[in-house]
Amino acid sequence: MFYRENGQFKTSYRADSQIFPIAQDRWGVLALLAFAVIAVPLLADEYLLRAIFIPFLILSLAALGVNILVGFCGQISLGSGAFMAVGAYAAYNTYVRIEGMPLIVALLSGGFFATLVGLFFGIPSLRVKGLYLAVATLAAQFFCDWVFLRIGWFSNNSSSGSVAVSDLSVLGWSIESPISKYLFCLGVLVVFGVLAKNLVRGAIGREWMAIRDMDVAAAVIGIRPMYAKLSAFAVSSFIVGVAGALWGFIHLGSWEPAAFSVDRSFQLLFMVIIGGMGSIMGSFFGAAFIVVLPIFLNQALPALGSLFGLDISTALVAHTEVMIFGALIVWFLIVEPHGLAKLWSIGKQKLRLWPFPH
Amino acid sequence: MAFFLETLLGGLMAGMLYSLVALGFVLIYKASGVFNFSQGAMVLFAALAMARFAEWIPAITGIESLFLANVLAFLAAGVVMFVVAWLIERLVLRHLVNQEGTTLLMATLGIGYFLDGLGQTIFGSAIYSIDIGMPKEPIFVLPGVFEGGLLINKEDLYAALIAAVLVGLLSIFFQKTITGRALRAVADDHQAAQSIGIPLNRIWVIVWCVAGVVALVAGMIWGSKLGVQFSLTTVALRALPVVILGGLTSVPGAIIGGLIIGVGEKLSEVFLGPYVGGGIEIWFAYVLALAFLMFRPQGLFGEKIIDRV
């Protein structure tokens with residue numbers, strides 16, 4: 001009833017091709033943003049910010065990066081954790097080694113070095129694809145795990161192998177309290193979200209999608225596979241690298257290579273599958289789902305067990321969590337390959353026509 | 001020289017075990033075009049089942065003989081793997097017919113996670129041991145040629161022998177039996193195989209069963225070497241470069257790839273490792289496979305992939 005586009009006339013190409021063509025969507029997004037900026041810091045307590053909102057924002061950013069590669073360009077990657085690690089450690093090294101390094105520049109340099117590494121490990125994608133490429137990206141994962149664990153230079157020769165950053169600030173604004181961390185991550189996410197959205201709906205995004213749908217056919221109609229694939233790798237690993245730097249700097253504060261293990265790579269891939277492959281919105285849904293589900297299960301399962309007089313141990317909760325993840329992935333692949341984002345857009349479509357079914 | 005040969009032999013025998021796990025990948029890929037990422041979870045699941053049945057069966061039936069208990073546990077675990085294979089076909093693969101390879105790959109990732117959780121829920125998540133009576137002590141050969149003789153781990157030797165026997169049996173099964181021929185037909189072309197009356201669903205169940213048995217044998221051997229625990233799943237990750245190197249569709253490729261990777265890993269660790277800080281086994285195999293892919297994208301014995309619009 002309220003979600004209609006009739007009466008909203010577009011009189012220019014600009015108006016017709018904007019990101020949110022329906023006025024209600026624009027207002028909805030603005031309201032959501034206002035809620036995120038004003039209401040969440042006021043309402044959420046420290047636990048909520050630390051355990052849910054900050055991880056959600058950073059993992060959304062990482063999922064966004066992975067989605068560009070996997071969802072838009074069809075190059076399946078199991079090495080995203082490695083690119084996060086490269087981002088985190090490169091940012092750490094520039095931040096610690098260069099005197100007076102601004103935080104933002106350090107984070108971006110994390111993205112820059114992740115891009116270089118991503119490009120390097122993306123080269124095999126020119127020769128191989130699909131399953132072989134998945135294994136090739138695993139090589140990146142294991143190699144980076146090893147490098148950051150064994151080569152002391154990267155962790156500034158710290159004896160414990162873990163690195164830490166402190167006293168973060170941007171232009172005199174200290175990023176130490178959970179609220180300021182949250183707002184900082186939100187800002188970064190919004191900037192990259194808008195950039196990514198514009199990239200994928202531009203010419204380069206269409207090239208990626210053509211390569212994803214059928215690379216031979218795309219090459220025939222004049223899309224350069226090398227340029228398209230490598231640019232997807234570059235953009236994706238830049239975003240993932242920045243996310244990794246944020247994960248280390250803002251969320252963890254001190255970290256070791258295990259924070260970016262192969263499990264992280266799988267987790268990011270699951271976010272993309274569950275959220276929606278080839279959808280910017282889906283990255284947010286997927287990240288929210290994967291961040292919230294374990295917390296929810298941790299609360300709900302013991303409660304459910306005590307309802308039936310069963311004592312559910314934490315180990316069982318952990319195993320159930322893994323099982324539910326596995327089952328959900330299979331279920332989504334079978335029933336709704338485009339993930340939660342597709343369900344969302346189906347819902348909106350129904351709403352536009354409501355109360356008429358057609 | 002003796003040290004070099006020892007390392008080489010150790011690598012060959014470790015490689016034989018990688019081949020065994022890699023074989024699981026190849027079998028499923030050959031017969032259904034699915035790259036089974038859950039192979040590691042299947043190895044863990046099978047090993048857990050076997051380890052626990054070997055405890056439970058004597059406790060319930062009162063069987064004294066270790067050998068009999070192990071055989072019964074092996075059979076019981078085999079039945080469990082059959083049920084798993086059947087369920088996977090029923091619940092997952094049947095609904096994903098004609099999907100792209102990457103979709104199937106991600107589905108098997110989901111299956112893998114599910115099996116990880118399920119196995120540890122049913123069978124427990126502590127470290128269990130499988131005792132199939134493998135001798136642990138080393139033997140010395142050729143004492144006349146080298147000073148002190150060549151040291152060979154008997155356990156590795158037996159494991160390699162078991163693996164070799166299994167590989168031989170599977171090759172015969174694939175080449176000589178009617179079912180094996182049907183499997184190869186399905187691998188060549190699903191539709192054509194179906195049109196001459198080969199039941200696709202049953203073939204898939206058979207293939208996953210065979211992969212389950214391979215996982216069981218691999219799990220048994222690795223489990224008796226390292227103990228049955230969650231880290232067994234990483235054995236599959238170690239076997240991935242083997243498949244890539246040997247070619248996804250080739251049984252001999254899996255074996256030779258396994259030997260190359262096994263030897264490469266051990267030699268690189270022993271002779272290259274000390275210079276760069278050690279622990280390079282894991283990525284060395286991957287980088288080796290990766291470098292190889294650049295020259296021969298289909299692997300050593302893989303079929304050449306031809307793309308058409």
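A, B, ... follow the sequence lines: proteins, then strands. Residue 1 opens every chain. Every heavy atom of this structure was used, including side-chain atoms; hydrogens, water molecules and symmetry mates were not.
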Visitor: Need one label for A/L78: side chain, backbone, both or neither, based on atoms under 4.5 Å from any heavy atom in chain B.
Guide: side chain
Visitor: Between A/I329 and B/M106, what is the shortest heavy-atom contact and its length?
Guide: CG2-O, 3.8 Å
Visitor: Of the backbone (N, CA, C, O) and the side chain (C-beta and beyond), which part of A/A140 lies under 4.5 Å from a heavy atom of chain B, both, or neither?
Guide: neither
Visitor: Given B/Y113 and A/F270, is the ring pair (Phe, Tyr, Trp, His ring centres under 6.0 Å) satisfied, shown in steps?
Guide: CA-CA 11 Å; B/Y113 264 66; A/F270 294 162; 4.9 Å; yes
Visitor: Please state whether the side chain, the backbone, both or neither of B/F37 comes within less than 4.5 Å of a heavy atom of chain A.
Guide: side chain
Visitor: Determine, stepwise, if the pair A/F143 / B/W283 fulfils ring pair (Phe, Tyr, Trp, His ring centres under 6.0 Å).
Guide: CA-CA 5 Å; A/F143 186 69; B/W283 64 260; 4.7 Å; yes
Visitor: With only heavy atoms counted, which part of A/L269 is less than 4.5 Å from chain B, the side chain, the backbone, both or neither?
Guide: side chain
Visitor: Please classify the contact between A/L316 and chain B as side chain, backbone, both or neither, with a heavy-atom cut-off of under 4.5 Å.
Guide: side chain
Visitor: Restricting to non-hydrogen atoms, name the atom on A/A134 and the atom on B/L105 that form the minimum distance, rounded to 0.1 Å.
Guide: CB-CD2, 4.3 Å
Visitor: Rounded to the nearest 0.5 Å, what's the gap from NE2 on A/H319 to OG1 on B/T121? Could you check?
Guide: 6.0 Å
Visitor: Using heavy-atom distances under 4.5 Å, tell me whether B/L91 contacts chain A through its side chain, its backbone, both, or neither.
Guide: backbone
Visitor: For B/L290, is it the side chain, the backbone, both or neither that has a heavy atom under 4.5 Å from a heavy atom of chain A?
Guide: side chain
Visitor: Between B/L96 and chain A, with a heavy-atom cut-off of 4.5 Å, which part of the residue counts as in contact: side chain, backbone, both or neither?
Guide: side chain
Visitor: Between B/I111 and chain A, which part of the residue has a heavy atom less than 4.5 Å away: side chain, backbone, both or neither?
Guide: both
Visitor: Please classify the contact of A/I76 with chain B as side chain, backbone, both or neither, using a heavy-atom distance under 4.5 Å.
Guide: side chain
Visitor: Any side-chain heavy-atom pair from A/L138 and B/Y286 closer than 4.5 angstrom?
Guide: yes
